[in-house]
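Here the structure comes first, spelled out in C-alpha cells, and everything after it is commentary.
Every number for a ligand or one of its atoms is a count from 1 in the order of the listing.
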Amino acid sequence: MKVVEDKKIYHGMDNSPSPWMMMSHFSNQLDNTVGVPFTIGDEDYGLYLRPNNKLLFSDVHVIFAWFFVAVSIVSISGVIWFAKHLIQPITKLTEATKEITRENFNYPLNIHRRDEIGQLAESFSRMQVQLQHNDEARKSFINNVSHDFQSPLMNIQGYAELLKTQALDEEHLEYVDIIDQESKRLSNLTKQLLLLTSLDQKSYPMKLGVTRIDKQIKDTVRRHQWRMEEKEIEISYHLPPAPILADPELLMTVWDNLLTNAIKYNQNGGSIFIQISENDDNATVSFKDTGIGMNKEQASKIFERFYRVDAARKKDGTGLGLSIVKHIIELHNGKIEVESEIQIGTTFTIKLPKDKQTEE
Ligand SMILES: Nc1ncnc2c1ncn2[C@@H]1O[C@H](COP(=O)(O)OP(=O)(O)O)[C@@H](O)[C@H]1O
Ligand SMILES: [Mg+2]
C-alpha cells in the first residue's frame, strides 16, 4: 500500500468522482477512507480510518425526522391560512345571498380586497343596493295604488247602494248588483294586497299576546252564520279552550279565510267540522268541509298568489286568501297542510306552536 510504502497520508476523498455529490461520504470503500502512516520501532504501519455508516445514518434519520415535522407544520399552517383567506369571503357571500332570499338587503360584506373576489364583493354590494331600491319601489307602488283604489271604490259602492233603493226594473237591478259585487271584490283585493305587502316586510311587527283561538273561531263562525244558513250548511265543532302565544289580529284573518273558503266551496246542504286538539307543544286546528274538493295537482298550488282552481266557477275570489294564511302561519313558526278529494271535501290542518316563538 502506498501509505506504508511511500509514507504518505492517504485521503480517499481526493479520488471521489464528484465531490459535490458527497455520495462517497456514505460509501463503504476506499473513497471514504483516510490512511495515516506511522512507525513503531523499525516497522512501518498504516492506520486506516473509515466512518461507521450505521451510526452516521441513525443521526441522519433523526435530522430527517425533525426536518419532516418542521416542513409538515409549516405547510399545514400555510394551507389553513390560505384556505381561510380564500374561503372566508366566499362564506360571507353565500350568507349574504341567503339573506337576500329573505329580503334582507343590508347584510354587511366587509370584504376589501384587490383581487377577483374583491371585485365580486364590490359588484355584489352594488347589486344589494339596487335590489333594495327595487324592492322598496315595488312595495311603495303596491301600497300607494291599493290606498288610492280604496276611495273611488267606496264611492262606486256608495252610489250602487243608492241606486238599489231607486225603483229600478229587474234587469237594471241586476246590473247594479254586479257593480256592487265587483267593486267589493276589488276593494277586498286591494286590502289583501296591502296586507300581503306588509307581511312581506322582512320583520313584520307581530303583536304577540295570549290568544284564545277557540274563542276566535267561535266568533268567526257567528259572524258567518247567515251565509251558512243561506246555503243550508250544517256546522259543528269541538273547540276546547286553547290559549296560545300569537298575533290575534293575524290569526283572525286565518280563521276568516278558512271558514269563508269552507262555505264558498261547499255544496248546498253540506257540512263543516272544526276541531282543536292539543299536546304539550302545539295546538292543531282542522277545518273539514264536504265541499267540491280539488285534485292533488290543484291542491299543491292553492297557496300560490293569485291561484284559483276554477276562476270562472266562483266569481268572488282573489286567489290571495290562502297565500296570506300560509304567510301568517309561517310567521308563527307553524305549518299548514291540505288534504282534498274531488266532490268529497277538503281538510285544512294547521299546527301552531303554543309559546315557542323562536326567531329564525
Ligand atoms: N275548502 C276548499 N274547498 C275547495 N277548494 C278550495 C277550498 N279552499 C280553497 N280552495 C281553492 O283554492 C283556491 C285559492 O283559495 P284562496 O287563496 O282562498 O282564494 P279565493 O278564495 O280568493 O279564490 C280557491 O280559488 C279554490 O279554488
Ligand atoms: Mg279564499
Side-chain angles (χ1 to χ4, degrees), residues 142 146 149 153 178 180-200 216-217 219-221 223-228 230-237 249-276 284-332 334-351:
I142 296 176
S146 316
F149 269 29
L153 280 172
I178 292 173
D180 189 29
Q181 268 174 28
E182 290 292 284
S183 57
K184 276 196 182 120
R185 192 164 82 93
L186 207 53
S187 155
N188 196 20
L189 174 70
T190 52
K191 277 185 202 145
Q192 285 184 318
L193 272 177
L194 267 174
L195 180 59
L196 253 186
T197 34
S198 70
L199 286 177
D200 263 350
Q216 287 196 322
I217 296 173
D219 279 350
T220 316
V221 170
R223 270 189 294 116
H224 291 283
Q225 199 77 46
W226 64 273
R227 282 211 214 194
M228 288 183 272
E230 215 173 57
K231 273 185 100 170
E232 293 177 345
I233 291 171
E234 202 180 295
I235 181 145
S236 52
Y237 48 71
E249 209 182 310
L250 289 183
L251 279 195
M252 208 60 187
T253 316
V254 170
W255 316 134
D256 202 270
N257 265 297
L258 290 177
L259 189 63
T260 36
N261 279 353
I263 299 170
K264 200 158 60 172
Y265 303 106
N266 216 324
Q267 328 265 18
N268 280 338
S271 63
I272 298 172
F273 178 60
I274 311 171
Q275 133 166 293
I276 296 180
T284 307
V285 187
S286 70
F287 279 71
K288 185 180 163 78
D289 67 59
T290 55
I292 54 175
M294 352 165 215
N295 65 31
K296 279 220 156 62
E297 202 213 327
Q298 294 162 341
S300 68
K301 290 188 190 155
I302 52 173
F303 297 110
E304 289 171 16
R305 285 175 196 193
F306 296 111
Y307 179 81
R308 307 185 62 208
V309 172
D310 188 354
R313 199 164 40 171
K314 284 272 169 193
K315 288 218 171 70
D316 56 337
T318 59
L320 285 176
L322 285 177
S323 51
I324 291 174
V325 165
K326 188 166 188 204
H327 218 115
I328 293 174
I329 298 297
E330 281 171 358
L331 271 179
H332 286 85
K335 250 191 204 160
I336 179 163
E337 272 163 19
V338 60
E339 247 176 79
S340 188
E341 219 172 308
I342 285 196
Q343 295 308 330
I344 305 269
T346 308
T347 308
F348 284 94
T349 313
I350 290 154
K351 207 179 197 176

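- Aromatic ring orientation, F303 versus F348: perpendicular (interplanar angle above 60°, classes split at 30° and 60°).
- Between M294 and ligand 1, no pair of N/O atoms sits closer than 3.5 Å.
- The closest donor-acceptor contact from the side chain of T290 to the backbone of S271 lies under 3.5 Å.
- Not a single heavy atom of G291 sits under 4.0 Å from any atom of ligand 1.
- Using a 4.0 Å cut-off between a side-chain N of Lys or Arg and a carboxylate O of Asp or Glu, R223 and D219 do not qualify as a salt bridge.
- Of the candidates F306, F348, Y307, the one placing a heavy atom closest to atom 14 (C) of ligand 1 is Y307.
- Among the atoms of T260, no N, O or S atom falls under 2.8 Å of the Mg ion (ligand 2).
- Ion pairing between R185 and E182 holds under the 4.0 Å rule for side-chain N and carboxylate O.
- Checking only distances, S323 never comes within under 3.5 Å of ligand 1, N or O to N or O.
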message: The test is side chain to side chain contact (heavy atoms under 4.5 Å, CB included); show your working for I272 and L259 and say whether it passes.
response: CA-CA 9 Å; I272 298 172; L259 189 63; 4.3 Å; yes
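- Residue contact check: T318 has heavy atoms under 4.0 Å from atoms 20 (P), 22 (O) of ligand 1.
- Under a 3.5 Å cut-off, the side chain of S187 and the backbone N or O of S183 do not form any donor-acceptor pair.
- Backbone and side-chain nitrogen or oxygen atoms of L322 are examined, and one is located within less than 3.5 angstrom of a nitrogen or oxygen of ligand 1.
- One finds the CD1 atom of I329 at 13.0 Å from the NZ atom of K351 (value rounded to the nearest 0.5 Å).
- E330 places no side-chain N or O within 3.5 Å of a backbone atom of H327 that could act as its donor or acceptor partner.
- Ligand 1 has an N or O atom lying under 3.5 Å from an N or O atom of K264, backbone or side chain.
- Selection from F287, Y265, F303 by nearest heavy atom to atom 26 (C) of ligand 1 gives Y265.
- In this structure, CD1 on I217 lies 9.0 Å from CE on M252, to the nearest 0.5 angstrom.
- Looking at V309 next to ligand 1, an N or O pair under 3.5 Å apart turns up.
- At a 4.0 Å heavy-atom cut-off, ligand 1 touches T346 through the side chain alone.
- Distances from ligand 1 to the non-hydrogen atoms of D289 include at least one value under 4.0 Å.
- Heavy-atom contacts of R308 reach the following atoms of ligand 1: 23 (O), 25 (O) (cutoff under 4.0 Å).
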